[in-house]
Amino acid sequence: MSALSAFWMGDRAAGTRVRSVSILMGILFAAVALKGAALALMGEESPSGIASVFADAPQRADILDRKGELLATSVTVYSLFADPRAIWNPAEVAERLSHVFDDIDVPALEARLSNRDRAFVWVRRGLTPRQRQAVFDLGLEGLGFREESRRAYPRGTLAGHVLGYTGVDGNGLSGVELALDERLTGSTDPLTLTIDSGLQFALEAELAAAAHAHDIKGGAGVLIEARTGDVLALASWPPINPNRASAIPADDPARLDRASRAVFELGSVYKPLTVALALDAGVLPLDETFDVSQPLEIRGRTISDDHPIPGGRASVTTVISESSNIGTVKIAMLAGARRMSAFYDSLGLFDRADVELSGSAAPLLPAQWDELSTATASYGHGIAVTPLAFASAFASLANGGEWVQPGLTREPPQERARRRVMAAPTAEVVGAMMRHAVTHGTGGNAEVAGYRVAGKTGTAEKPIAGGYSETENVNSFAAIFPADRPEYALLIVLDTPKVSQESETNGVVTGTTAAYNAAPTAGRVIERIAPLLGITPRFDEAGRASPPTYSVSETRSRL
């Protein structure tokens with residue numbers, strides 16, 4: 001072959017190679033262009049694409065207690081997603097992810113990853129940093145991470161029912177998180193509650209101690225500043241940890257907020273209100289006495305006292321201090337059904353507690369206010385309300401006879417509803433009677449040296465189908481303190497308490513009535529919170545029959 005022929009043949013071969021490469025590159029560019037066009041079209045047509053899923057969620061404001069302590073905040077977490085169109089082997093991806101998430105449903109995930117009609121599927125929300133790194137180290141195709149905001153509650157169960165919780169998408173599902181969802185998402189300014197973390201902790205701790213000692217089915221506690229209506233502490237037992245709310249079964253007892261979403265017949269804690277009604281109406285002289293020696297019969301129902309009153313007669317003060325049902329009913333009859341109905345209504349007992357919580361329970365009221373319903377409601381039967389609603393009503397005795405709407409926040413800045421429900425002297429007189437109930441009556445186990453507790457026990461048989469239980473009670477203790485210048489109202493409610501095993505072991509005289517469980521629980525709460533509230537103890541109180549020969553703490557430990 002000549003040099004010239006070789007030249008032309010080489011040149012022609014080179015040209016062929018160039019043309020071949022050019023054609024191949026053209027095909028590749030065309031394929032890329034077609035793929036890009038297809039994806040662009042899919043993005044326009046599919047509203048479920050990644051861009052729509054990744055719309056930024058609104059920022060959620062922090063929640064603080066009244067002193068600025070952090071109760072709820074938002075933290076950054078990562079969530080794992082997949083694009084099924086970019087996954088070559090869905091079975092392998094699902095199986096390997098199961099080594100990171102041992103609770104994952106592999107067949108179900110494989111099915112979702114095999115759906116190539118979808119551009120996006122969530123695999124797992126809210127990964128821990130360790131889980132995120134473990135997935136990253138797998139080096140699997142078609143996976144990605146999305147930075148999201150999650151709610152965190154640094155104090156765990158503290159005020160868990162009050163705070164509530166949010167869903168995976170950041171929307172409020174219960175408590176303040178739900179009730180004030182628009183406020184929390186509409187402003188980044190922190191939301192300040194009226195709750196005091198120190199007081200809340202003390203109330204929850206003593207409620208838990210009572211639950212352990214008396215094996216209760218449930219319980220609640222409410223602490224209100226009477227003058228302002230501020231709810232300083234609001235507790236329900238069993239407690240709930242909002243950080244783990246999504247993992248708690250729907251039928252778990254911890255899900256129920258017994259302070260605001262459950263109603264109870266609270267028993268004799270109503271008796272001071274009945275006396276206040278009759279005194280304020282001018283139908284009950286202070287020096288009146290009542291024959292309480294014989295049970296009453298009203299429309300076939302027998303009303304009697306749990307224990308006989310010495311001498312068979314009771315003064316108005318004795319009716320409260322010795323918790324006479326007979327005497328209370330006779331006082332209620334002096335006031336009448338119309339007055340009692342209007343009085344309870346003015347105390348907010350006929351409505352849901354108007355407070356910044358979702359799902360506040362409505363009361364269960366008598367179908368009509370006749371002689372029988374007036375009689376039973378006078379000592380707390382036949383009417384069931386939330387502990388929060390009753391504590392708010394009872395607080396009027398600590399606020400000079402003025403009822404104030406309870407509240408958990410002062411936003412928006414507005415004056416809370418308030419109305420006079422009794423004269424100030426009436427509230428003062430009834431407060432003195434309740435002080436006598438603690439120093440000389442059924443509330444003795446609530447006494448705290450130096451802090452002048454005034455209060456009333458309540459032991460109510462639990463309603464059951466066809467009547468009332470003979471073995472299960474709802475026990476309560478309602479208190480105002482300090483008695484000489486009351487500022488606060490406290491309510492303790494224990495559902496079905498039992499005799500303390502420790503008391504039985506030690507041979508201590510005890511029982512299942514409120515005097516032996518709700519009253520001492522209230523005393524322990526006040527003993528812990530009074531110093532936090534800045535109440536100065538006073539030990540020069542006159543009027544006691546004789547000074548105690550042992551300390552208050554010893555008294556409670558023996559009962």
Side-chain angles (χ1 to χ4, degrees), residues 60-75 150-167 172-181 183-184 190-211 218-225 228-246 248 252-262 353 355-361 386-389 391-392 406-411 488-493 521 524-525 528-529 532-533:
R60 200 168 186 86
D62 290 346
I63 301 178
L64 312 177
D65 83 340
R66 67 189 296 117
K67 294 181 178 178
E69 294 290 331
L70 186 65
L71 297 177
T73 190
S74 297
V75 297
R150 282 287 182 275
R151 215 56 170 155
Y153 305 89
R155 302 298 298 273
T157 59
L158 187 77
H161 289 97
V162 174
L163 296 170
Y165 48 87
T166 63
L173 296 181
S174 73
V176 169
E177 294 278 25
L178 174 58
L180 299 179
D181 190 63
R183 158 63 178 86
L184 291 167
L191 172 68
T192 301
L193 301 183
T194 59
I195 294 293
D196 182 299
S197 293
L199 304 177
Q200 181 75 24
F201 179 82
L203 180 58
E204 290 186 11
E206 292 302 334
L207 201 58
V222 187
L223 175 66
I224 293 180
E225 185 178 50
T228 64
D230 282 358
V231 179
L232 301 179
L234 188 67
S236 176
W237 192 92
I240 188 170
N241 186 339
N243 292 302
R244 302 173 182 170
S246 61
I248 299 176
D252 192 300
R255 283 201 174 274
L256 177 61
D257 177 5
R258 288 166 173 78
S260 70
R261 300 187 66 181
V355 70
E356 304 92 333
L357 283 176
S358 61
S360 180
T386 63
L388 178 58
S392 175
L408 281 164
T409 175
R410 293 187 174 179
E411 294 185 16
Y488 307 99
L490 172 68
L491 176 66
I492 297 294
V493 179
T521 299
R524 285 190 290 269
V525 171
R528 292 181 65 160
I529 68 175
L532 300 177
L533 292 167

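These figures come from a predicted structure and were not determined experimentally. Along the sequence shown, residues are numbered consecutively beginning with 1.
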Asker: Leu203 versus Ile492: any side-chain heavy-atom pair under 4.5 Å?
Answerer: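 A side-chain contact under 4.5 Å exists here.
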
Asker: For Glu225, which residues count as a side-chain hydrogen bond (donor to acceptor under 3.5 Å, both in side chains) partner, sequence neighbours excluded?
Answerer: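 Result, side-chain hydrogen bond (donor to acceptor under 3.5 Å, both in side chains) vs Glu225: Thr228.
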
Asker: List the residues meeting side chain to side chain contact (heavy atoms under 4.5 Å, CB included) with Leu532, not counting sequence neighbours, and say none if there are none.
Answerer: Leu199

Asker: List for me each residue that meets side-chain hydrogen bond (donor to acceptor under 3.5 Å, both in side chains) alongside Arg244, sequence neighbours excluded, and say none if there are none.
Answerer: none

Asker: Decide yes or no for Leu64 and Leu70: does some side-chain heavy atom of the first lie under 4.5 Å from some side-chain heavy atom of the second?
Answerer: yes

Asker: When you compare the side chain of Leu191 with that of Leu184, does any pair of heavy atoms fall below 4.5 Å?
Answerer: yes

Asker: Tell me every residue that passes side-chain hydrogen bond (donor to acceptor under 3.5 Å, both in side chains) with Ser360, counting only those two or more places apart in sequence or in another chain.
Answerer: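 Not a single residue meets the side-chain hydrogen bond (donor to acceptor under 3.5 Å, both in side chains) criterion with Ser360.
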
Asker: Give me the atom names and distance for the closest heavy-atom approach of Ala210 to Thr521.
Answerer: CB-OG1, 3.5 Å

Asker: Going by the salt bridge (charged side-chain N to carboxylate O under 4.0 Å, His left out) test, which pairs reach into residues 229-243, not counting sequence neighbours?
Answerer: Arg66-Asp230, Asp230-Arg410, Asp230-Arg416

Asker: Give the C-alpha distance, both sets of side-chain angles, the deciding distance and a yes or no for side-chain contact (heavy atoms from CB on, under 4.5 Å) between Val176 and Leu357.
Answerer: CA-CA 5 Å; Val176 169; Leu357 283 176; 4.0 Å; yes

Asker: Write out all pairs satisfying side-chain hydrogen bond (donor to acceptor under 3.5 Å, both in side chains) with one or both partners inside residues 191-200, taking only residues at least two apart or from two chains.
Answerer: Asp65-Ser197, Lys67-Asp196, Gln200-Glu204

Asker: Any side-chain heavy-atom pair from Ile240 and Asp257 closer than 4.5 angstrom?
Answerer: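 No. Closest side-chain heavy atoms not under 4.5 Å.
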
Asker: Please tell me whether Asn241 and Thr157 have a donor and an acceptor in their side chains that are separated by less than 3.5 angstrom.
Answerer: no

Asker: Who are the side-chain hydrogen bond (donor to acceptor under 3.5 Å, both in side chains) partners of Tyr153, not counting sequence neighbours?
Answerer: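 With sequence neighbours excluded, Tyr153 shows a side-chain hydrogen bond (donor to acceptor under 3.5 Å, both in side chains) to Glu177, given in chain and number order.
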
Asker: Listed by chain and number, what are the salt bridge (Lys or Arg N to Asp or Glu O under 4.0 Å) partners of Arg183, not counting sequence neighbours?
Answerer: Glu411

Asker: Under 4.5 Å between any side-chain heavy atoms of Ile63 and Leu180, yes or no?
Answerer: no

Asker: Would you say the side-chain atoms of Arg60 pair up with the backbone N or O of Ser74, donor to acceptor, closer than 3.5 Å?
Answerer: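 No: the side chain of Arg60 does not pair with the backbone of Ser74.
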
Asker: Run the ring pair (Phe, Tyr, Trp, His ring centres under 6.0 Å) test against Tyr488 and tell me which residues pass, sequence neighbours left out.
Answerer: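 Checked Tyr488 against ring pair (Phe, Tyr, Trp, His ring centres under 6.0 Å); matches are Phe481.
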
Asker: Hey, is the main chain of Ala254 close enough, under 3.5 Å, to the side chain of His161 for a donor-acceptor pair?
Answerer: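 Between the backbone of Ala254 and the side chain of His161 there is a qualifying donor-acceptor contact (under 3.5 Å).
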
Asker: With a 4.5 Å cut-off on side-chain heavy atoms, are Leu232 and Ile529 touching?
Answerer: no

Asker: Could you list the residues that satisfy salt bridge (Lys or Arg N to Asp or Glu O under 4.0 Å) with Arg150, not counting sequence neighbours?
Answerer: Glu148

Asker: Under the rule for side chain to side chain contact (heavy atoms under 4.5 Å, CB included), what residues qualify as partners of Pro253, not counting sequence neighbours?
Answerer: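 Only Pro238, Arg258 meet the side chain to side chain contact (heavy atoms under 4.5 Å, CB included) criterion with Pro253.
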
